[in-house]
**Student:** 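This is the structure I have questions about; it appears just below.
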There are 2 protein chains.
Amino acid sequence: MPVLHHHPLSAGSRYVRLVLAEYGEEAAFVEERPWQRRDALLALNPAGTLPVFVDHDDAVIAGAAVIAEYLDETRGARAGETALMPSGVIERAEVRRLVAWFLGKFDSEVTGYLVNEKVFKRQMDSGPGSEPDPAAIRAARSNVRYHLRYIGHLMARRRWLGGNAMSLADLAAAAELSAIDYLGEVPWEEDTHAKDWYARIKSRPSFRPVLTDTVRGSPPAAHYADLDF
Amino acid sequence: MPVLHHHPLSAGSRYVRLVLAEYGEEAAFVEERPWQRRDALLALNPAGTLPVFVDHDDAVIAGAAVIAEYLDETRGARAGETALMPSGVIERAEVRRLVAWFLGKFDSEVTGYLVNEKVFKRQMDSGPGSEPDPAAIRAARSNVRYHLRYIGHLMARRRWLGGNAMSLADLAAAAELSAIDYLGEVPWEEDTHAKDWYARIKSRPSFRPVLTDTVRGSPPAAHYADLDF
């Protein structure tokens, strides 16, 4: 069986879990603490980052966006009409632009700050630099509003983020938002279009395992698993 | 004719110029100053970043990695044996991992600091925060050594960075290195394998236009265009 090296609140790991579930693929999960820079993880991915996917033939695929493209190329054809990457070249580019937006820009402006400050620092051995940085949390709370408005802007014009069909773009955005929603950090009341889109994604069977995640020392926000949030 | 919105020292823009040249594609170039957040550029790419490619049918493709995948899908088949993306799914994942390494990790740990501090700040209207930050430059100079060793490590084992054939991985790495080589910031003497690999890439006809770039107020390092550096 394939193995996914992940952390429950790593948004990139959540993205791959959603893609696997949408394609009906099973995998074993190995929880990692990427800040420990474990030799075995570095051997799989010299960048030391999550997620890393080890396929049933021992092929090692590193990085959320790369794993999703690989799963689309190896499992997407089988999924046929429900493939998460459109067939047109311009539509594919738009999906990839949005995947990069959420896994890159959103992650570095919002999720990275919040998960690092509120979760990872708590899980690390305490020591210098292990206190949450209020400036980083403030920046994330300001930035998330702009991103919610951007999702709302797209959803006022499209059926799904990337176009007419659900795609990797929706899963990347939902993975990032779900990680900070766990922390109670999404001001959903700010944008109805964004909230309605997330409610649709959140109700999918592929999302259920993500909604049962718990992290030691950081219980989920009260509404986290609630489909009527 | 397609149009590329770029900056001469944006490594992502250089990457796309190299891909275009390897595929024998012509494009018109529009030089942008991304820190000005020009409305016309934001309309093409809401992230406000470079590069942006506008194809001859007015399709707008934003982001270096996304444009390269698009060019591979629209021009790679025509290029046949010289396609820059391998056909095997595992080999494709390895090329994508390395493209993400250089455009993402290398750029944020090395090129971004150096180009921002040494070039962009000089081109901006002067004002608060426009002085180069010595700590950022020091960090980049330390980080580049680790990345050169990683290139050397790969090149001691492979013909090209991504495997047996030249690929997008080599062009992404060379684009990043060329931007800081312009600034005289690559300690080539540190790794023979890395230097030999770069000499091979630098000698390709696709590289010639990049070697004639000049930026107002920041002349290139003396050896920048020299194929025997």
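Every chain is numbered from 1 and lettered A, B, ... according to where its sequence line falls, protein lines coming before strand lines. What's counted below: heavy atoms across the whole structure, side chains too, no hydrogens, waters or symmetry copies. All figures in this text were calculated on a predicted structure; none of them were measured in a lab.
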**Student:** Is the closest side-chain heavy-atom distance between Asp57(A) and Ile90(B) below 4.5 Å?
**Tutor:**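 Side-chain contact under 4.5 Å: yes.
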**Student:** Indicate the atoms forming the closest heavy-atom contact of Ala93(A) with Val66(B), along with that distance.
**Tutor:**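 That closest heavy-atom pairing would be O-CG1, 3.4 Å.
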**Student:** Charged N to carboxylate O below 4.0 Å: is that the case for Glu69(B) and Arg97(A)?
**Tutor:**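 No salt bridge links Glu69(B) with Arg97(A).
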**Student:** Is Phe53(B) close to chain A through its backbone or its side chain, or both, or neither, when contacts mean heavy atoms under 4.5 Å?
**Tutor:**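 Contact with chain A involves no heavy atom of Phe53(B) at all.
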**Student:** Do other residues, nucleotides or ligands put more than 12 heavy atoms under 6.0 Å from Tyr198(B) OH?
**Tutor:**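 Atom OH in Tyr198(B) is crowded, with more than 12 foreign heavy atoms closer than 6.0 Å.
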**Student:** For Glu26(B), look at atom CD and say whether over 12 heavy atoms of other residues, nucleotides or ligands are found less than 6.0 Å away.
**Tutor:** no
**Student:** Please check if the number of heavy atoms outside Tyr70(B) that lie under 6.0 Å from its OH is greater than 12.
**Tutor:**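 Enclosed: over 12 neighbouring heavy atoms sit under 6.0 Å from OH of Tyr70(B).
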**Student:** CH2/Trp101(A) to OG1/Thr49(B) distance, rounded to the nearest 0.5 angstrom?
**Tutor:** 8.5 Å
**Student:** Heavy atoms only: give me the nearest Pro46(B)-Tyr150(A) pair and the separation to one decimal.
**Tutor:** CG-OH, 3.5 Å
